[in-house]
Amino acid sequence: METVLAFVIGGLYAAGIYSILRRSLIKLVIGLIFLGNASNLLIFTAAGLTKGKPPIISKESITEVAEYADPLPQAMILTAIVISFGVLAFVLVLIQRAYKMIGSDDIDEMRGR
Amino acid sequence: MQILIVLPIIIPFATAIIAFLARKWRLVQRVWGTVGAAGLLIVAVMLFKIVHQDGIQSVQIGQWPAPYGITIVVDLFSAVMVIMAGIIAFTVSIYSLIDIDEQRLAFGYFPLLHILLMGINGAFITGDIFNLYVWFEVMLIASFVLLAFGGRRLQMEAAVKYVTLNLVSSALFLAGVGILYGKIGTLNMADLAQKLAIEPQSHLISSSAMLFLVAFGIKAGVFPLFFWLPASYHRPPAAVSAIFAGLLTKVGVYALIRVFTLIFVHNLEFTHSLIIVIAGFTMVTGVLGAVAQYGMRRLLAFHIISQIGYMIMGLGLFTPLALAGVLVFIVHNIIAKSNLFLISGIVHRLRGSYHLKEVGGLYKTNPGLAILFMIPALSLAGVPPLSGFFAKFILIKAGLEVQNYYIVAVALIVSVLTLFSMTKIWNEVFWKDMPVSIDKKMSTKTNLTSKQYILLVAPVCMLAIITITIGLGSEWIFGVAKQAAEQLLDPTDYINAVFGGKS
Amino acid sequence: MMHSIILAIATRYLSPLIFLFSLIFLFRGHNSPGGGFIGGLLAAGGFVLYSTAFCVTSAKKKLIIDPRTLIGIGLLISFISAFLSLFSGKQFMTDIWWEVTLPLLGKWSVGTPFFFDIGVYFVVAGVTLTIIFSLSEE
């Protein structure tokens with residue numbers, strides 16, 4: 001499973017960087033989303049995968065030494081997702097404004113005086 | 001007492017909320033925004049006093065014990081940085097009373113400014129690496145909006161560049177945190193330091209260190225990663241660019257110093273020699289970039305980069321003296337740089353342009369302003385008895401001590417070139433006569449009443465006085481910096497403060 | 001915007017349901033899946049659906065209060081909830097719980113994390129709506 005996820009992460013980073021290097025503004029945003037999600041998956045994978053064991057332990061089984069997933073990476077990813085939600089929403093507004101002002105989503109068009 | 005430690009986060013937050021709810025009433029916003037900034041400054045000074053007397057302070061948020069919960073730690077370095085944030089916040093708030101137009105004010109300038117300050121302070125005082133990420137994001141969201149809003153076309157371009165590179169940096173930061181957590185299994189910085197000291201080195205730690213170096217390097221604006229900085233810092237209103245110039249890149253530098261003195265210290269000949277090389281290139285490219293510039297704020301933005309080089313150089317040298325030098329340098333640089341940006345805003349007000357070829361003759365009309373410009377400008381170039389001289393002197397002495405003559409030579413040459421840039425601004429803006437062809441445009445410039453002028457100049461005066469005071473009182477400040485550098489180099493106190501019974 | 005009778009009629013019945021559902025998510029929070037963030041998103045979703053079915057102005061009218069004010073109120077609630085622990089001599093942001101007996105519902109424990117969640121609910125709903133309204137403005 002780790003190997004598969006490693007390839008997925010690599011693919012996401014590659015796709016993200018490729019999209020960022022395009023000239024289109026909207027592809028830039030998509031690239032940023034890829035990069036953010038690649039990092040989230042990286043945290044998830046690097047911290048170790050636990051199959052089928054939720055990070056929540058019920059009160060009854062608290063004394064048993066049951067295996068359970070590490071809740072911290074999940075909490076981190078959740079926080080990162082929430083933050084990137086906010087940032088990307090703002091970026092979208094920014095890009096929409098820019099698009100309206102310039103009438104094109106080509107980054108090079110933004111420059112001219 | 002306990003609450004005082006988190007107040008640098010709480011005060012800007014409370015100010016922002018109230019200013020946001022009262023955004024319809026502009027007078028309330030203005031007054032409240034300034035009062036909040038003043039409160040932050042007072043709290044910062046109180047906090048510094050306590051840390052200076054009693055040592056490193058810490059709070060466990062929500063009473064979760066140290067490695068599990070989020071710890072807020074204030075050592076001398078953090079305390080000094082919080083004071084700097086307070087000073088800049090207060091002066092820029094006063095400046096904003098005039099500089100920020102009604103439209104931006106109604107949009108929520110003051111709430112955003114204080115959210116930005118909350119993020120900056122949070123980054124300075126947190127003891128948790130993931131929490132640091134969160135504060136960075138808080139800071140970035142606020143700065144994105146501050147940079148973009150009220151946007152004209154060129155401001156949009158600046159904002160897109162800034163947003164993209166900073167988001168890339170956040171993704172890398174997150175990846176670094178993920179690898180570090182996967183390897184060590186903790187996020188608390190003190191705990192990380194402890195565990196890494198026992199654990200044998202692995203390659204993953206070095207790759208994580210490099211991810212941090214790149215991520216913070218983008219935020220700080222070091223050599224190959226600084227391109228967003230001169231592209232964006234000269235676009236927003238002067239007050240905003242002053243706070244960006246003073247504080248934002250310094251948060252990146254702070255994070256670099258924190259991480260590379262506390263966590264990644266086991267592969268010194270690799271990481272820190274790399275940092276020195278980066279520092280050299282940063283200084284040179286920054287100052288050479290500035291030589292070619294004729295926009296006043298663009299020129300100053302390139303100088304931010306070259307000054308960042310000095311700070312990184314001290315980190316790379318990694319001796320107590322060098323780190324003390326970095327501290328003095330950061331303090332000096334925040335004050336001087338913000339001041340120069342504020343002055344550039346006044347010049348723009350008086351002459352209607354930032355371009356050096358289109359302004360002039362200010363020495364004749366505003367000799368006071370000219371002298372006020374000389375203080376931070378000469379300080380930046382490193383002329384004694386001003387603050388910059390001592391900062392550079394300590395750094396160069398530290399460089400000579402470890403016999404790293406290359407970096408010392410680079411630092412000295414860059415210093416001379418800085419002086420050249422500053423005299424260029426002086427000649428073009430203040431000394432030469434107003435270009436005749438532009439005179440017609442003068443009629444379009446904004447007219448300032450004397451009350452407005454005083455409100456714009458007052459913060460400049462304050463910062464100039466601080467620059468002189470730092471220069472004259474450098475003995476005492478150097479003492480504090482040395483103490484802070486010792487705390488940084490020997491993390492035992494830091495770890496004890498996080499885990500010890502003090503909380 | 002879009003003029004679809006099916007969507008318009010469905011929205012009339014769906015959006016109150018979505019809103020109710022968001023409240024359920026909010027109240028379930030803290031110890032079970034749910035909470036302020038997802039609740040706020042759902043609530044915003046209800047209004048977004050309304051604005052798609054009718055128009056942005058009518059959705060704004062339905063909301064009554066400016067979404068930006070919602071952000072401010074939410075921040076204020078969360079902020080105050082973080083402070084309550086200081087009055088009982090605990091550290092900043094420590095959770096405090098009270099047992100409340102409500103008519104009909106029976107015993108219920110209310111704590112500062114719940115107030116924090118309410119604040120988050122408002123903030124998330126406010127931010128989402130602010131952004132979506134400003135995106136869909138002409």
Side-chain angles (χ1 to χ4, degrees), chain A residues 2 9 12-13 16-17 19-21 25 28-29 31-49 70-73 75-77 79-102 105 107-113, chain B residues 67-70 119 128-131 133-145 147-188 204 207-208 211 215 231:
Chain A
E2 273 90 350
I9 294 164
L12 276 175
Y13 271 120
I17 290 166
S19 310
I20 284 179
L21 296 177
L25 273 177
L28 178 89
V29 178
L32 290 176
I33 295 172
F34 280 158
L35 278 190
N37 285 337
S39 295
N40 289 344
L41 264 184
L42 178 67
I43 295 181
F44 192 60
T45 318
L49 302 172
D70 187 355
L72 207 55
M76 280 199 278
I77 293 168
T79 315
I81 288 174
V82 170
I83 289 172
S84 61
F85 163 77
V87 177
L88 286 168
F90 169 72
V91 174
L92 279 178
V93 174
L94 179 75
I95 279 178
Q96 190 225 22
R97 291 278 150 83
Y99 177 72
K100 270 187 184 161
M101 212 173 278
I102 303 156
D105 81 331
I107 297 177
D108 284 355
E109 298 274 314
M110 297 188 90
R111 192 178 287 259
R113 239 167 217 272
Chain B
Y68 307 109
I70 291 169
D128 184 283
I129 197 95
F130 189 74
N131 198 233
Y133 166 78
V134 174
W135 290 123
F136 262 112
E137 296 302 295
V138 168
M139 187 177 95
L140 285 175
I141 291 176
S143 62
F144 292 165
V145 185
L147 189 65
F149 77 157
R152 297 176 307 276
R153 187 184 179 121
L154 289 169
Q155 216 173 324
M156 287 287 173
E157 189 212 352
V160 168
K161 283 179 186 164
Y162 181 82
V163 167
T164 310
L165 274 162
N166 275 297
L167 281 180
V168 171
S169 130
S170 299
L172 294 177
F173 184 3
L174 210 51
V177 172
I179 291 175
L180 203 57
Y181 180 75
K183 196 70 198 160
I184 311 291
T186 181
L187 292 171
N188 188 302
L204 268 181
S207 48
S208 176
L211 282 170

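Within every chain, numbering begins at 1; the chains are lettered A, B, ... in the order of the sequence lines, protein sequences first and strands thereafter.
Using a distance-only test at 3.5 Å, with no hydrogens or angles considered, no donor-acceptor pair links the side chain of B:Ser208 to the main chain of B:Leu204.
The aromatic rings of A:Phe90 and B:Phe144 lie parallel to each other, with less than 30° between the two planes, well short of the 60° mark.
Considering only heavy-atom pairs separated by less than 4.5 Å from chain B, the leading option among A:Gly16, A:Ser39, A:Ala38 is A:Ser39. For the options A:Ile95, A:Asp70, A:Ile17, heavy-atom pairs under 4.5 Å to chain B are most numerous at A:Asp70.
Within the 4.5 angstrom heavy-atom criterion, atoms from both the backbone and the side chain of A:Leu94 approach chain B. Using a 4.5 Å cut-off between heavy atoms, B:Val134 touches chain A through backbone and side chain atoms alike. Of the atoms belonging to A:Leu25, it is side-chain heavy atoms, and not backbone ones, that fall under 4.5 Å from chain B. With a 4.5 angstrom heavy-atom cutoff, A:Ile20 touches chain B only via side-chain atoms. For A:Asn37, no part lies near chain B; criterion is any non-hydrogen pair under 4.5 Å. Both the backbone and the side chain of B:Leu174 come within less than 4.5 Å of a heavy atom in chain A. If you measure heavy-atom distances from A:Leu42 to chain B, the contacts under 4.5 Å come from the side chain alone. In this structure, the portion of B:Tyr133 lying under 4.5 Å from any heavy atom of chain A is its side chain and not its backbone.
Taking every heavy atom of both residues into account, A:Tyr13 and B:Ala175 meet most closely at OH-CB, 3.4 Å.
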Could you check B:Phe130 against A:Leu72 for side chain to side chain contact (heavy atoms under 4.5 Å, CB included), going step by step and ending with a plain yes or no? CA-CA 11 Å; B:Phe130 189 74; A:Leu72 207 55; over 6 Å; no
Go through the steps to decide whether A:Leu32 and B:Val168 satisfy the test side chain to side chain contact (heavy atoms under 4.5 Å, CB included), and finish with yes or no. CA-CA 7 Å; A:Leu32 290 176; B:Val168 171; 4.2 Å; yes
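Atom OH of A:Tyr99 is surrounded by 12 or fewer heavy atoms from other residues, nucleotides or ligands within 6.0 Å.
A donor-acceptor contact closer than 3.5 angstrom links the side chains of B:Ser143 and B:Tyr162.
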